[in-house]
Structure formats: structure tokens, C-alpha cells
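A short worksheet on the structure shown next.
Note that the coordinates shown come from a computational prediction; the quantities given were computed from them, not determined experimentally. Computation of the quantities below employed the complete heavy-atom set of this structure, encompassing side-chain atoms and omitting hydrogens, waters and symmetry-equivalent molecules. A, B, ... follow the sequence lines: proteins, then strands. Residue 1 opens every chain.
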Number of protein chains: 2
Amino acid sequence: MYRQIAEDLRAQIEVGQLPPGARLPTEIELRETYDASRHTIRDAIKVLTTQGLVETRPGQGTFVVERISPFVTTLTQVVGSDGSGEGSPYIQEVVAKRRLPRASDVRVEIRRVDHRIARELQLNVEDTVVSRHQRRYIDEKAWSLQTSFYPMWIIEQGAARLIQASNIEQGTVDYLKTAIGAEQAGWRDTLTVRMPDSDEARFFGLPDYGRVSVIETRRTAFDRQGRRIRLTVSVYPADRNEFAVNVGDIPADAEDPASSAPGQETGG
Amino acid sequence: MYRQIAEDLRAQIEVGQLPPGARLPTEIELRETYDASRHTIRDAIKVLTTQGLVETRPGQGTFVVERISPFVTTLTQVVGSDGSGEGSPYIQEVVAKRRLPRASDVRVEIRRVDHRIARELQLNVEDTVVSRHQRRYIDEKAWSLQTSFYPMWIIEQGAARLIQASNIEQGTVDYLKTAIGAEQAGWRDTLTVRMPDSDEARFFGLPDYGRVSVIETRRTAFDRQGRRIRLTVSVYPADRNEFAVNVGDIPADAEDPASSAPGQETGG
DNA sequence: GGGTATTTGTCCGTATGTATT
DNA sequence: AAATACATACGGACAAATACC
């Protein structure tokens, strides 16, 4: 029965009778229209909440969620030097899509690696790495969390700026090349989807439980000798991010539709 | 208070006191241990359910979920002819990872395109396409749903097998090349995360509401002249799938860890 | 197959707290 | 300060699914 009510409300939302941002009738009003107890009404709304169709705000009401205009990250793209790098490469990437980027200061730590990072960077579990953490915003909205891990030998070879808590404007990929000659020859990304932990949920402003999951990308970068020079772990909320992969020869107008066309309609 | 109970149970799960597959105390037992009403206990368990930590089975109890061994799809990979193709390319890809593949028969339809497909294939909304739909299983478990759309001119040029409801063993990419000389020069993938619709939830056996979302990939393929020759929409449940992207020069042992190493430990 | 006990699912009622307007 | 609306907690009753005898 609460399913029936949820289904009925869902239909109203999808038809457009309840457009995005609209307020649903209050629980008491719904209780009367469906002749059910308030608890049953709440169960129905909880279904819609976990499906991401509505959100409740205490003291205000229940509202149809408005979809956030997604930002598309192209994983195969080499922007300047590195599509997911620090500093200007990241800024350039976002500006190219006509969005407003902002990044927090970098938080630098020297840590022992855990088991998983050790495996991906081919280190031993006793080894230490430099981690550089940054929070990123687009259009003043929390957009992603990023942490890069660099093996210690990179710093020992002379890349001292990695342990300074300041942005590397040229981008870390470019810096590593000029500083110690470690050129990024390629990388491997792995994408997984999971539920956010409490820190992530707070930072991204995600509803306390349920609904929005996060996408975690892990980028292992290699130099020309096949050495692991970096592992970058990025976390993106799934409700405002998409990813693209370009392979082989594709037309220029298909490579990055958002950069060339302002709106949804590309006029094909 | 229900958050407190949920937090307490979550801690027990993460410490390993309640290992994957274990049954939690019944609601009545928990009611006594926490001195709360059954409703409050149920709210606590609902939190864990939406976080994907536990699942409830009517008549049996509440169990700690067991993580499914994920299948990694490499989006940049060219297996035989096409990593996400029909027929033997798909089979090869799964067998290479030491898993057991199975695919349903192909369901073929001739349909008018909707607005979104028209845009991605650069067709008009009145145009028709051939759609080929397939359900895929790995280790006898529902794994993905795939639908490919081909513009009508491809069939008119002689690719008649596309409108036959049978697998194309050599793979459709290879078939299009040999049949009408339309060689796949490249493609663009777009990945989004969303909640499953009811059909998808049923097919994948996902919990009725909440938790597990699906990953939708849309692959637009181009021939040497930059023409759109195919749009493939695939839907994967996020709890058993990962994606990988390889770019540039990377060491052979990093390209596809699952194919070369049997277990989790690659011995780095 | 049938019956019974167990366990979760659904529905009702009520009261109070908290956030917002 | 008051009104509104959702959040949390208590209580009970019956239904549905499963397991076991």
C-alpha cells in the first residue's frame, strides 16, 4: 500500500505534474488523500527519498529534487599535461567547460602506506609516501576530493616541492618531468561506485543516508621505465559527475560536446 | 538513538565481530539488548541496509552482506575486434578473466529513435534504427543489460544480419567491416551512475529500494569517415562491476592484473 | 504435505522533539 | 512566540515468508 502511494507520487513527478523543486503535499494532507496513517505516508516518501526523487527538509516540507548539471571528466584527455593534475591543468579543464573552478589549499602528509596503496604503487607496507590532498569546487559547489600519493624515492631524487603545502601551478606531472626527468608515459584508471563515508557525505552535502553514492577513481601513473610514479584517488558524488572515454579516431565535434556547444542541444 | 544503535552495529561489522554472511540478532533480541522499541531497532537496521552493509530476508533474519567479486571491464581495450561486442568478443573477454560467461539470445527491434538517441547518432527524430538487446551473465549471475542501436542506412548498405535475431559470432564490429566496409575507427564512452528502474532491479536481483545503483555506459562508435555507426547502451549493477581505462604506455603487468594473476595478491 | 514456530514486513495509533517560517 | 512540518520514539496487531518437524 505504501508502495502504491509511492508509485502514484512517482507517476505525478515523472509526468511533470510535480516539477523539480515543487513541494509535495504535507504528510497530513497526503494522509487524508490516500486515507492512510501518517506512518504509511512516511514509508511511501522514504521510498522516493532512497530513489533520489524527492528530499525532505524538516520544517519546510518534501520537495522534488532538481538535477544538478553534471560535469564531464574525460579520463583519456591530456589537458596541458594531466587532466586530473593539480594547479592550472585542473583549472584549465574546468574553464574549458565554461564552469567556475576553485580548489582548496593542498594538505601534505608523509605517511606509511596501507596494504592497498602499497600494491598499486608496488611498494612494501613499511614504505612511506607523500600524500597531497585537495578539495575541489565547481561553481562554488563541492565537487570532488582528491589525494595523490608519491613514492618517497621521487622526493629523494629532487622533487622537493611535492612536500611543500602549496599548489604546484604548472601541474605536478609537468613538474616531475622538469624537476627529475620522470615523464608520465601513461596511466591506468579504475572506477568503482560505493556509498560515501560520513566525511564525504558531510563535505558534499549528501543526504545522511541512502541515495547518492560516490564514484572513486584510482589513477596509477607510470613513467617511461614503467615505474609507478603516482597514485591519485579521487572521489566524486555520482549525482553531479559523469565520465567520458575517447578511444581511437573520433570526429572533433564528438570529442568534447560541452566545450563546443553551450546548451543541451548540439543541433545534430 | 537509532543512529547510535546503527553505529554500534556498524562498528561490530567493520571490526569483524560480525563477518560477511553472519546473521545479526533478531529484532526482538536487539530490542532487549538496546532497550528500545522494535520500531527503533528497525530504523537502525534500515540505515545499515541503505548503506549496503546488511540485507534482510523475510522469515530468516538480517545478514551482513558478502561482497561480490567484481568484474573489471576495460573501456579502452580492443578485444579481438570490440571489447563490448556481441558474440565471441564478449565471451573471450570474460574467459580471459577466468570467469564463466553466458549471454541470452538477441532480441531485435526496429524502432523510432527518441530524442537522446537521435542526438548521439546524429539522426532526426523521425528516423528508425535497429536495436539489438541482450542479457548477459557471469558465473550464472545476472551481470549486464546491453542494447545496441544501428542507423538504418547500415542495413540498407547490406548489413542484413543485424536484423536477424541471432548472435553474430564474429562480433558486430568485425561483421560490419567485412559486410559493408564500415570499419570502426574509434568510439566515445560516457559513464553515468543512477538508480535502477524496476525492470533492472528485478533482472539483477537488486534490493527493492535503495542501496545499489547501476552504471550506464553509452558507447558511440565512429567509422573512418567520422560517421556514427552504432550506439551501445549498457547497464551494470554497481555492486559487481568496475571499469578500467588504460592510456599511453603502461607496463604489461599493470594492463590487466586479473588476467595474469589469479588472486588478490599480485606480490608487489 | 501440513502444521507450527520464528522472523521480518506492513499497518495502525499516539506522543514528543526539532527545525523552519 | 506561535504555527507548521518533518523526525524520532513508544506501543500494538496482523500478514507474509521461511524453516523445521
#### Entry: Whole-Å gap separating C1' (D:dA9) and OH (B:Y34)
17 Å

### Query
If you find the nucleotide of DNA chain D closest to A:R57 and the one closest to A:H39, which residue's nucleotide is nearer the 5' end?
A:R57

### Message
Please name the nucleotide paired to D:dA1 by Watson-Crick or G-U wobble geometry with both distances under 3.5 Å, or report none.
### Response
none

#### Entry: Spacing between B:L24 atom CG and C:dT6 atom C1', to the nearest angstrom
16 Å

### Query
Is it true that A:F71 and A:Y236 have ring centroids separated by less than 6.0 Å?
no

### Message
Just the rounded figure in Å: distance from P of C:dT10 to CG of B:D43.
### Response
13 Å

### Query
Hey, are A:E242 and B:R218 close enough for a salt bridge, meaning a charged N less than 4.0 Å from a carboxylate O?
no

### Short side-chain N/O contact from B:R23 to OP1 or OP2 of C:dT7, under 4.0 Å
yes

### Task
Let me know the distance between OH of B:Y2 and P of D:dC10, rounded to the nearest Å.
13 Å

### Message
For a quick test of reading the model: is some side-chain N or O of B:Q60 closer than 4.0 Å to OP1 or OP2 of D:dA17?
### Response
no

### Message
What is the distance, to the nearest angstrom, from the CD atom on A:Q4 to the C1' atom on C:dT10?
### Response
15 Å

### Task
Find the distance A:E27:CD to C:dC12:C1' and express it as a whole number of Å.
15 Å

### Side-chain N or O of A:T56 closer than 4.0 Å to phosphate OP1/OP2 of D:dA7
yes

### Message
Quiz question: going by heavy-atom distance under 3.5 Å, is there a donor-acceptor pair between the base of D:dA7 and the side chain of A:R38?
### Response
yes

### Query
DNA chain C: B:I45 or A:P58, which has the more 5' nearest nucleotide?
B:I45

### Query
Between A:F203 and A:Y137, does a ring pair (Phe, Tyr, Trp, His ring centres under 6.0 Å) hold up when you go through it step by step?
CA-CA 11 Å; A:F203 173 67; A:Y137 303 81; 5.7 Å; yes

### Task
Indicate whether OP1 or OP2 belonging to C:dT7 is found under 4.0 Å from a side-chain N or O atom of B:T62.
no

### Message
If you apply the rule side-chain contact (heavy atoms from CB on, under 4.5 Å), what do you find for A:R99 with A:S69, and how did you get there?
### Response
CA-CA 11 Å; A:R99 306 285 285 267; A:S69 172; 3.6 Å; yes

### Query
For the pair made of NZ in B:K46 and P in D:dA9, what is the distance, rounded to whole Å?
15 Å

### Query
Salt-bridged, A:K46 to A:D43, with N to O below 4.0 Å?
no

### Query
A:T40 side chain N/O closer than 4.0 Å to the phosphate oxygens (OP1, OP2) of C:dC12?
yes

### Query
When the distance from CD1 of B:I41 to P of C:dG9 is rounded to whole Å, what number comes out?
14 Å

### Message
Check this one for me: any side-chain N or O of B:R42 less than 4.0 Å away from OP1 or OP2 of C:dG9?
### Response
yes

### Query
According to a strict under-4.0 Å criterion, is A:R3 in side-chain N/O contact with OP1 or OP2 of C:dT10?
yes

